[in-house]
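One structure is given below, encoded as structure tokens.
Residue numbers start from 1 in every chain, and the chains themselves are labelled A, B, ... in the order their sequence lines are given, proteins ahead of strands.
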Amino acid sequence: MRAEVLIDWFDEHGRDLPWREPECTGWGVLVSEIMLQQTPVARVLPIWQEWLKRWPVPSALAAESQGEVVRAWGKLGYPRRALRLHAAAAEIAEKHGDVVPSDVDTLLALPGIGAYTARAIVAFAYGKRAPVVDTNVRRVVARAVHGAGDAGPPSNTRDMADVEKFLPAQDAPAAKFSAALMELGALICTAKSQRCADCPLYADCAWQKAGRPAYAGPAKAVQKFAGTDRQVRGLLLDVLRGTEGPVEQAKLDLVWHDAGQRSRCLDSLLVDGLLEQTRDGLFALPGEH
DNA sequence: TATTCGTGGAA
DNA sequence: TTTCCAAGAAT
């Protein structure tokens, strides 16, 4: 894999996303990375714009109530991310002078920031060299390098070692290479309907040379949604998002027929801190009563 | 390592 | 209509 070829392609075809603008702060990049975990760019864009305008620095978000942050998270999904981002903002404000850390280990210590996000921030916010491995990168490497139809089960150590081999030595080109690799997976080397005719790596892609064989690894578990606790939790939380103050349990009872599952999900939301119960037994978003 | 955690658009 | 999947993290 030629880094230079990929970088040239990125310069010409990469999307103009606001968190890629030179004036975007480390905080802006951090917020984008958290929001983009498992959520498509198109849905993140308007919420990100709103958040950065409303809370331009970590301390601003930290000063907000948890409930308001959960409400502003809207329907991006996986709302525990909103609580973790709120907690990370507080920690950055208190311990790091309101500046997003620029080294992997410090970032990894923050809530909601794992192996991918820590390195993405280091690379994209600070232009430093770090192996950034997400689902796009894993797929591109699986195809272009290993000649497989798709990536097998993740192994962070092995996946990062794969990328490390191709990562340019200098900071700036390495950071751009990382962005380019992800972008290729997002725009060209997609999970389905690949656009191989437009791929800058076409000439020496191992998958092409092998005749583009289908994925041969272990079957990937497809996540169900309808009828799961995730759906019920989402329905329950949505009632609170759309309401000003606390609500009675009777109001929540309307969203799902199975009382046992409803109760279990309500409990789990309380445990997660996404909901709280008031002294009168009403339910509210955290910190809003 | 395998599960769990939302949501909505596209094929 | 159903199925797939979209910049993962925590446990």
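- For the pair Asp272(A) CG and dT11(C) P, the computed distance is 10 Å after rounding to whole Å.
- Considering only the side chain of Phe225(A), dT7(B) comes nearest among dA9(C), dA7(C), dT7(B).
- Considering SG of Cys265(A) and CG of Leu270(A), their distance stands at 11.0 Å, rounded to 0.5 Å.
- Arg119(A) comes within 4.0 angstrom of no nucleic acid atom, judged by non-hydrogen atoms across all strands.
- Taking atom P in both dA7(C) and dA11(B), the straight-line distance is 15 Å, to the nearest Å.
- Look at CD1 on Ile47(A): it is 17 Å from P on dG6(B), rounded to the nearest Å.
- Backbone-only contact: Ala115(A) has heavy atoms under 4.0 Å from sugar-phosphate atoms and none from a base.
- Nucleotide dA7(C) holds its C1' atom 14 Å from the CG atom of Leu184(A), rounded to whole Å.
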Per-pair distances, 0.1 Å, donor-acceptor, side chain in residues 113-121 of chain A, under 3.5 Å, sequence neighbours excluded:
{"from": "Tyr116(A)", "atom 1": "OH", "to": "Glu33(A)", "atom 2": "OE1", "distance (Å)": "2.7"}
{"from": "Thr117(A)", "atom 1": "OG1", "to": "Gln37(A)", "atom 2": "NE2", "distance (Å)": "2.9"}
{"from": "Arg119(A)", "atom 1": "NH1", "to": "Ala115(A)", "atom 2": "O", "distance (Å)": "3.0"}

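- Side chains of Ser268(A) and Arg233(A): a donor on one and an acceptor on the other come within 3.5 Å.
- Distance CG (Asp134(A)) to C1' (dA9(C)): 14 Å, rounded to an integer number of Å.
- Separating the C1' atom of dA6(C) from that of dG6(B) is a span of 12 Å, rounded to the nearest Å.
- Across the protein-nucleic acid pair, Met35(A) atom CE and dT7(B) atom C1' stand 15 Å apart, rounded to whole Å.
- If you check residues 70-95 of chain A against DNA chain C, the residues with a heavy atom closer than 4.0 Å are Arg84(A), listed by number.
- Contact check of residues 18-25 of chain A against DNA chain C (heavy atom, cut-off under 4.0 Å) returns Trp19(A), Arg20(A).
- Judged by the 6.0 Å and 45° rule, Arg212(A) forms a cation-pi pair with Trp207(A).
- Taking 4.0 angstrom as the limit, Thr117(A) places a side-chain polar atom (N or O) nearer than this to OP1 or OP2 of dA9(C).
- Under a cutoff of 6.0 Å and an axis angle of 45°, Lys220(A) and Tyr215(A) form a cation-pi pair.
- Taking CD1 of Ile47(A) as the start and OG of Ser32(A) as the end, the distance is 14.0 Å to the nearest 0.5 Å.
- A heavy atom closer than 4.0 Å to some atom of DNA chain C occurs in no member of residues 145-164 of chain A.
- Nucleic acid contact for Ala120(A): none, since no nucleic acid atom lies under 4.0 Å from a heavy atom of the residue.
- One interatomic measurement links the two molecules: CG of Leu274(A) to C1' of dT4(B), which rounds to 14 Å at whole-angstrom precision.
- At dG8(C), one or more side-chain N or O atoms of Gln38(A) fall inside 4.0 Å of OP1 or OP2 (strictly under the cut-off).
- DNA chain C lies under 4.0 Å from no heavy atom of any residue of residues 226-239 of chain A.
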For nucleotides 1-4 of chain C, give me every protein contact, N/O to N/O, under 3.5 Å, one pair per line with atom names.
none

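- For the pair Leu266(A) CG and dC5(B) C1', the interatomic distance rounds to 17 Å; values are reported in whole Å.
- Here the C1' atom of nucleotide dA6(C) and the CG atom of Leu36(A) are 9 Å apart, to the nearest Å.
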